[in-house]
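All remarks here apply to the structure that follows.
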Amino acid sequence: MEREDILPVMYDLVVTIGSEISTKSLLTRTLQRLLYHTSFSAGFICLDVPFCGKAHGQVEVHLDAAVGDFDLIGEIGKPLHLPCALICQAAVREDEQTALLSALRCTQTQYKAYLRLPIDHCGVIVLLAAEIPETNLPLTTMLQPVLAHLAKAIVLCRNNDAYTSGLVTQRDMLEKVFESSYSSVMITDDKSNIIEVNPAFTRITGYTLEEVRGKNPHHLASGRHDKLFYSEMWRSINDSGHWEGEIWNRRKNGEVFPSWLSINQICDTNGKLLHYVGTSSDITKRKEAEAQIHQLAFYDPLTQLPNRRLLVERLQQAFSVGTRSGQHGAVLFLDLDNFKTLNDTKGHDIGDQLLAEVAERLNACVRDGDTVARLGGDEFVVILEALSTKSDEAAGQADLVAEKIRDALTRPYQLSNHIHYSTPSIGVVLFRGHQQSLEDVLKYADTAMYQAKTAGRNTIRFYDPVMQAAIEARAELEEDLRHALEREQLCLYYQIQMDSRNRPLGAEVLLRWQHSERGLISPAQFIPLAEETGLIVPIGLWVLQTACAQLRLWQSNEMTRDLTLAVNVSAKQFRRPDFVAQVQRTLVEAGAKPALLKLELTESIVLENVEDTISKMRELKLLGVSFSMDDFGTGYSSLQYLKRLPLDQIKIDQSFVRDIASDPNDAAIVQTIIAMSEVMGLVVIAEGVETQAQREFLDLRGCHAFQGYLFGKPVPLAEFEAQLKN
Ligand code: C2E
Ligand code: MG
Ligand code: MG
């Protein structure tokens, strides 16, 4: 397609958009052409009329153009004073027409009458008809052909104007616009193949016309938008002929950039699609400016952390999320101890360096969704989200992060050429949803931080005294647990497992902690703590060693030599890469028969990493060790993975056994588990069997191994051995 052909398209576009050419000049040209091409003896004058709206008095008009053989031609450009009534309202009476004619000084009598056509509220075209003596037709009839063709003429005029020499200047102007436009312009044919681009396109994208001619604009796609984006865009273009929006494209040099793109369809008068025209501007700079404004408004320039404004926004969000989820959140209010001294003695540069480093360390301590903000000075706030729904657990989680932060911030700092030591004081307050106001939460956290300072700095304090007490108790327990092994406070209890004929099969070993002040502590209380702190690893090893030593001791006695021992394994322990080697070494060192050792796993261990679990189980099975799936039915109980695990036994959880006789639902679950185990060739054992009725129910349905208070509670070794003798 030639450039000559492109320009009319562009012209058309401009006309369509309606900015460059007024209806008035369009109409004038139309009439000019119309009168020229018909031999109708008529003339017209075009008046420029300011908005007047008056009904009386005079209005000043300018004569814009005139066609016809009369005196007025000499008056073009001059102001005329005409009665408002004639110009601004429909003058239909004969005397009004005569008055207008004389006002227009149409001295030649051949023009008899007129028709007023208001244009765009700002102009008037007066049609003049020559007096034809031999006819006595009314004026409207005489002007009929003119009016009938007017609409058609406008269309014709629009389509042809660009070709006429009279519009060369217009075309030149369009070409200039096209060439010098700051916006990139791309024109395609009806198949979306690029046929023309302007210099701005080349400047922005790096592609010359030669490089993109015939290509689809998708050539510029950045890959940032999905299929849906483009299908929506095309839907809009096809439906309305137009699309406008922000789009990311790729420059020739590979750089991705944002632009504001507007696409228009260009059709001919019959509605046949001819072209697509895309105009766009590179908005990288605007985006950068926006980002910069955002950065300044919401971030602290020294540390790049969110400032108070953003903190408040995030906290508000956290409140809303908490309201929906029921989960707790926590605000940690931090202040660096003795920061002022550093600032005063070493100068602000050094102080700033410390703050920037603190910001970095804080960010490293929290999860992705959490917020670290700087309030100013040496004050920081951390928002933790998605903590437990239980307040005591949430307090534990918040405390853990606070400890981590304290550890991180007390490590030495390298500031310029000297080492600096700093400690924080941390105040913690929990929140859940909108229970408290935002101001209150921040105020409480601040108060707690001051309490931490008074308590001797480098300290963590909860605002809630009950919570503070619970946290302290927990910290104490943790400290005691660290010494439990060496102080020999841990011991194993044995709970007997029986078959249907009341023959002992073995026992499950269950950990007990004999605390010097608190007495016997249940594993339910300290195992989670041991898991969290990693202490479960040495403790679990000790359980394994003790159980294996016991198996070895039982070997010499006929009554006990075939008993198995079931040992609970925690996730942290099982996940260790050396777990298999550890079990093997323990068995060898104790001289125990692997076949008598049964490891109890839970579904959560398996699901954490199915592949790792399977491979470790296989290795251990090769040694002769067997496996039981503990608490079965309470987790996901996915048959998908169950089929793949080299299990020996399934342990029906006590929660199902408890109501087996009264709850038909539980009864059905238990029956299903038993039937399924049969199919898979697994032994089933029921735990928590407390009554004869439960035992009989299970036995009747095919579960022939039991553990529970009906047969015996977990007891110390001596008691267990006495139990065996009965
Ligand atoms: P578990 O492995 O499911 O152990 C069964 C729990 O049910 C034991 O609680 C046991 O005392 C209790 N139980 C047994 N029969 C009955 C009964 O008839 N009725 C009722 N109501 N309860 C019965 P325990 O000893 O408090 O242990 C709790 C959990 O602590 C164990 O659940 C196990 O997950 C964990 N645990 C215990 N010892 C160890 C250990 O050495 N290592 C690891 N990692 N976890 C252990
Ligand atoms: Mg168990
Ligand atoms: Mg269990």
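Atom set for the values below is all heavy atoms of this structure, side chains included, hydrogens, waters and symmetry mates excluded. Just so you know, ligand 1 is whichever comes first in the structure, and atom 1 is the first atom listed for that ligand.
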Taking only heavy atoms of [X], which atoms of ligand 1 are found under 4.0 Å from at least one of them?
X: Ile527; result: 43 (C), 45 (N), 46 (C)
X: Val543; result: 41 (O)
X: Ser570; result: 44 (N)
X: Pro714; result: 11 (O)
X: Gly708; result: 15 (N), 18 (O)

Shortest non-hydrogen contact between Leu535 and Glu478, atoms and distance: CD1-O, 4.3 Å
Give the residue, atom name and distance (to 0.1 Å) of the protein heavy atom nearest [atom].
atom: atom 1 (P) of ligand 1; value: Asp630 OD2, 3.8 Å
atom: atom 3 (O) of ligand 1; value: Asp631 OD1, 3.2 Å
atom: atom 42 (N) of ligand 1; value: Asn568 O, 3.4 Å
atom: atom 24 (P) of ligand 1; value: Pro523 CG, 3.7 Å
atom: atom 15 (N) of ligand 1; value: Gln495 NE2, 2.8 Å
atom: atom 19 (N) of ligand 1; value: Glu690 OE2, 2.5 Å
atom: atom 31 (C) of ligand 1; value: Leu510 CD2, 4.2 Å
atom: atom 18 (O) of ligand 1; value: Tyr709 N, 2.8 Å

Quick one: do [X] and [Y] make a salt bridge, cutoff under 4.0 Å?
X: Glu608; Y: Lys572; result: no
X: Asp440; Y: Lys443; result: yes
X: Lys621; Y: Asp648; result: yes
X: Glu721; Y: Lys725; result: no
X: Arg576; Y: Asp578; result: yes
X: Glu403; Y: Arg406; result: yes

Do [X] and [Y] have side-chain N/O donor and acceptor atoms under 3.5 Å apart?
X: Asp337; Y: Ser425; result: yes
X: Thr371; Y: Arg314; result: yes
X: Gln497; Y: Gln707; result: yes

If you check every N/O/S atom of Glu600, which is the one nearest the Mg ion (ligand 2)? OE1
Kindly indicate, with the supporting measurements, whether the criterion side chain to side chain contact (heavy atoms under 4.5 Å, CB included) is fulfilled by Tyr494 and Gln723. CA-CA 11 Å; Tyr494 295 75; Gln723 209 180 332; over 6 Å; no
Any N or O of Gln654 closer than 3.5 Å to N or O of ligand 1: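 By distance alone, the answer is yes.
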So, is Leu511 polar-close to ligand 1, with some N/O to N/O distance under 3.5 Å?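 For ligand 1, there is an N or O atom that lies under 3.5 Å from one belonging to Leu511.
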Tell me, please: is [X] in heavy-atom contact with ligand 1, that is, under 4.0 Å?
X: Glu687; answer: yes
X: Arg512; answer: yes
X: Glu508; answer: yes
X: Gly688; answer: yes

If I take the Mg ion (ligand 3) as the centre, what angle separates the OE2 atom of Glu687 from the OD1 atom of Asp630? Nearest 10 degrees is fine.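 OE2 of Glu687 and OD1 of Asp630 make an angle of 90° at the Mg ion (ligand 3), to the nearest 10°.
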CD-CG distance between Glu600 and Leu565, expressed to the nearest 0.5 angstrom: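 One finds 11.0 Å between CD of Glu600 and CG of Leu565.
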Measure from atom 7 (O) of ligand 1 to the protein's non-hydrogen atoms and state whether any distance is below 4.0 Å.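 Looking at atom 7 (O) of ligand 1, one finds that a protein heavy atom does lie closer than 4.0 Å.
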Within 2.8 Å of the Mg ion (ligand 2), is there any N, O or S atom belonging to [X]?
X: Asp631; result: no
X: Glu508; result: yes
X: Asn568; result: yes

For [X], I'd like to know if atom [atom1] has over 12 heavy atoms of other residues, nucleotides or ligands within 6.0 Å.
X: Glu488; atom1: CD; value: no
X: Arg552; atom1: CZ; value: no
X: Glu486; atom1: CD; value: yes

